[in-house]
J.: 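Would you mind keeping the following structure in view while I ask a few things?
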Amino acid sequence: MQILLIHSDYIAYEVKKETPVAEKIDEQMRFGRLDEALTVFIAVEKSDESDPEKAVASTLDEIKNVASQLKAQNIMLYPYAHLSSSLSSPKVAIAVLKNLETALKDEFTVKRAPFGFYKAFEIKCKGHPLSELSRTITVDETITPKAAAKEEIVSEAIKAEEKAKSYWYVLKPDGQMQTFEDFNFTGYDNLKKFKNYEVSKSREVDRTPPHVELMRRLEIADYEPGSDSGNMRFYPKGRMIKSLLETYVLERSAEVGAMEVETPIMYDMNHVTLKKYLDRFPARQYSIEADKKSLFLRFAACFGQFLMNHDMTISYRDLPLKMIELTRYSFRKEQRGEVVGLRRLRAFTMPDMHTLALDMEQAMLEFKQQYDMCISVLKDMGIGLEDYEVAIRFTRDFYEANKAFIIELARIVDKPVIIEMWDQRFFYFVLKFEFNYIDALDKASALSTVQIDVENAERYDINYINEHGNAKHPLILHCSPSGAIERIIYGLLEKNYMITRSGGVPMLPVWLSPTQVRVIPIAERHRETAGEIVHMLGCRVDIDDRDETVGKRIRDAGREWIPYVAVLGDEELAKGELTVTIRSQSEPKKPKKVKMKAWDLSARIQTDIAGLPYKSIPLPVYLSTRPKFV
RNA sequence: GCCGCCGUGGCUUAGCCUGGCAGAGCGACUGAUUCGUAAUCAGUAGGUCGUGGGUUCAAUUCCCACCGGCGGCUCCA
């Protein structure tokens, strides 16, 4: 059975001429009209004859499902032979149509156009994305109901067909590749969640993501109603965390030889090279009109760097050649329903590194090194291998030529990874990986990624001169060592929410904690010494000098996830030490308290943050003079 | 873009179904308290009930539109 569903403002028909297969009808069926109707064009097929009842039942499910999504109350059943080239007998078709009508009448206002007539009809389609759907319903047992019901939006048909050519596998570290059906997901909960999210698109969530509450309560970031959605404001603590993460990624990139550059955030939509690129993609960019020019805000740093590469004189001896830009911002005009907290933004900060490589051999070597780097970068940021799942995607040709290389990638992370393989190359790359973070609501979001681009060097006419003096196009690797910086913060917050939920104590890595040590002087007479300790510690220290009880101030420090809380009273003053609560070794209701000298605490913190970027405290040291942002 | 839920002092929210003076906790401010490890006590101020229309003698409450948030669908270079 083939059906075509149109969500219409109205549908009206009028019988014109009888055909030889016409059913008998009475006068009132000669005309029909329904407003606000889901119109269902139906062709009953030969294959339905083996089990017409099942065909009716499956079709009913589909219609009801769509009608409920659209909140449609009126249904027009409209026989439409042209949907299929293999029609059933008229007798079966009429029976099926009548059964459908009867079954739907309980819940809906139903009209049925008569079978076997030439009819004039008029329909006004609403035109929204779900307003045109087609379904193939089959009674053949060998096809699963899910595959049979595979949704396909008519206008997107070609795209959907391309997507259908994805082959999915799980690759184990030992090199064994299995289909999803064969792989035993037991013990691989996150991998299963990622698979479900990626492939089945299964979602069971109906609440605000936990990091949204945390980003506000911890005064990291917030919505800005005065801007466009997905453009956030960052409070001092959030700005500091972002700044540290940004600095860190740039430092790591510099270590591997990337040159930092800066390029414009807006580009001419009619620039010859860019135009070709843009035309391939739907309008997802912010556009600006200025001085008779049409400009768009960049959605990645590729343009600026590629245009720069185009003008450069590059020798084969300069390769691999790396450049990085940290975009503040990249803009993507995501659809309104897609923008959520810090997970998906319309303006986001992204390190975008590009490597020009001599040939595939060099590109693959770089690819592997950058893969290793991404793992290490995320680890330092507080996101470990256990927090994300690896997806590796490639073309079949690439795989056939480089099986051992792919297996090595799975071996490095020492856990099963998801594989997506395409028969043909649809995108600009032949190989890519992403690390996908799995959050508290089982949603997956890509963090680090590296891609081998075989297309853009030619498009942007980027060349290097080889040893024979000939101009050659290099391969280009795209790499974001961390993914969007905001998304790292999202990941850290979600991770700590999950830690709290499972009975742990949440905290950020010490190098990212806005306050590293909070000093709590017990009474007024201890405040002066507290001020001296700040200088001795030499890290981000603040003093809770508010007129509150000790209990209250301890609690507040805990709610801010402060790694070290130092209490200072008569006892400590006498002995010249501090009573320090060490958050990383505490359990809920069981704080780990240690007496230590100020310089021991200082040394301990220096160990925690060794080799990582540092910035001074982003807020007034004395809490009594500190404003509230939220 | 489509569908659904939500929007009440800075924050969290009660009240809305069944129209009739808008209530609380936290925070802020003032005062008392100078305190030993997850919320000290008392008082004061603070509200265009998201915005705009409509219905009504009367709208935070009912209806419509818009804006914003969240979720789902779609999308994700």
Side-chain angles (χ1 to χ4, degrees), chain A residues 7 65-72 126-133 151 153 155-156 159-160 163 201-209 212-213 216-217 219 222-230 277-285 298-300 302-303 330 332-341 343-344 346 426-429 432 441 443-446 449 451 453 455-456 478 505 518 520-527 544-560 565-572 579-581 586 588-593 627-630:
Chain A
H7 194 204
N65 185 14
V66 173
S68 79
Q69 274 184 49
L70 299 170
K71 299 276 172 279
K126 287 182 177 291
H128 59 75
L130 285 178
S131 67
E132 299 175 75
L133 300 167
E151 205 164 296
I153 293 179
S155 58
E156 299 270 309
K159 225 172 195 173
K163 281 203 166 157
K201 303 286 180 195
S202 100
R203 276 150 228 201
E204 301 163 6
V205 183
D206 60 342
R207 61 197 191 89
T208 303
V212 172
E213 199 237 326
R216 305 190 67 234
R217 210 205 73 210
E219 296 192 327
D222 210 339
Y223 296 110
E224 176 49 75
S227 181
D228 192 22
S229 68
Y277 193 43
L278 281 176
D279 285 348
R280 276 191 58 194
F281 301 108
R284 268 300 166 94
Q285 62 274 349
R298 66 172 174 203
F299 40 82
C302 306
F303 317 103
S330 286
R332 295 187 193 182
K333 202 154 175 292
E334 307 290 6
Q335 293 177 35
R336 263 186 55 218
E338 300 164 352
V339 179
V340 199
R343 176 170 176 254
R344 191 181 195 92
R346 282 184 169 181
F426 303 117
F427 309 107
Y428 56 77
F429 52 84
K432 81 176 277 198
L441 304 180
K443 288 178 176 270
S445 309
T449 179
Q451 305 158 4
D453 175 349
E455 204 173 281
N456 280 305
H478 300 240
V505 178
R518 165 138 321 150
I520 299 182
I522 300 245
E524 258 169 28
R525 63 180 174 279
H526 309 116
R527 283 184 196 170
D544 193 345
D545 61 334
R546 294 175 304 160
D547 183 15
E548 301 285 354
T549 59
V550 175
K552 171 72 174 288
R553 287 182 285 166
I554 292 285
R555 175 183 151 85
D556 285 349
R559 277 173 61 83
E560 281 187 56
V565 180
V567 170
L568 177 64
D570 289 337
E571 221 175 278
E572 288 80 6
T579 305
V580 181
T581 302
S586 299
K589 312 276 180 203
K590 272 195 280 179
K592 166 84 175 177
K593 285 185 278 184
K628 286 197 162 50
F629 286 86
V630 181

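Quick caveat: nothing in here was measured; it's all calculated off a predicted structure. Below, chain A is the first sequence line, B the second, and so on; all start at residue 1.
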J.: On the nucleotide B/rA38, are OP1 or OP2 found under 4.0 Å from the side-chain N or O atoms that A/Arg553 carries?
T.: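 No.
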J.: Mind checking A/Ser229 for me? I need base, sugar-phosphate or nothing, with any heavy atom below 4.0 Å counting as a touch.
T.: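 Since only primed, P, OP1 and OP2 atoms lie under 4.0 Å of A/Ser229, the category is sugar-phosphate.
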J.: Nucleotides 25-31 of chain B: which of its N/O atoms have a protein N/O under 3.5 Å away?
T.:
residue: B/rG27; atom: OP1; partner: A/Lys552; partner atom: NZ; Å: 2.8
residue: B/rG27; atom: O3'; partner: A/Lys628; partner atom: NZ; Å: 3.4
residue: B/rA28; atom: OP1; partner: A/Lys628; partner atom: NZ; Å: 3.3

J.: Just checking A/His478 against A/Tyr428, ring centres under 6.0 Å apart?
T.: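 For A/His478 and A/Tyr428, the ring centres are under 6.0 Å apart.
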J.: Looking at A/Lys443, I'd like to know whether one of its side-chain N or O atoms comes within less than 4.0 Å of OP1 or OP2 on B/rG72.
T.: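 Answer yes for this pair, as a side-chain N or O of A/Lys443 is under 4.0 Å from OP1 or OP2.
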J.: Given A/Lys333 and A/Asp228, is the salt bridge (charged side-chain N to carboxylate O under 4.0 Å, His left out) satisfied, shown in steps?
T.: CA-CA 10 Å; A/Lys333 202 154 175 292; A/Asp228 192 22; 5.6 Å; no
J.: Between B/rG68 and A/Glu224, counting only base atoms on the nucleotide and side-chain atoms on the residue, is there a donor-acceptor pair under 3.5 Å?
T.: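 A donor-acceptor contact between them is absent.
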J.: So what is the 5' to 3' dot-bracket string for RNA chain B, if pairs are Watson-Crick or G-U wobble with both distances under 3.5 Å, crossing pairs use [ ] and | means the partner sits on another strand?
T.: ((((((((.[[[[.)....(..]]]].(((((.......))))).....[[[[[..)....]]]]])))))))....
J.: Name the nucleic acid region contacted by A/Val567, choosing base, sugar-phosphate or nothing; use a 4.0 angstrom heavy-atom cut-off, strictly under.
T.: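 Touches a base.
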J.: Please figure out whether A/Arg216 or A/Phe429 has its closest RNA chain B nucleotide nearer the 5' end.
T.: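 Nearer the 5' end of the strand: A/Arg216.
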J.: Given atom CG of A/Asp545 and atom P of B/rC35, what is their separation to the nearest angstrom?
T.: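 After rounding, the reported distance stands at 16 Å.
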J.: Tell me which of A/Arg559 and A/Ala523 sits closer to the 5' end of RNA chain B, going by the nucleotide each one is nearest to.
T.: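 Whichever sits nearer the 5' end wins; that is A/Ala523.
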J.: Specify the separation, in whole Å, of atom CZ of A/Arg518 and atom P of B/rA38.
T.: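 It is 16 Å, rounded to the nearest whole Å.
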J.: Counting the atoms with a prime plus P, OP1 and OP2 as sugar-phosphate, which does A/Asp570 contact under 4.0 Å by heavy atoms, base, sugar-phosphate, or nothing?
T.: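 Since a base atom lies under 4.0 Å of A/Asp570, the category is base.
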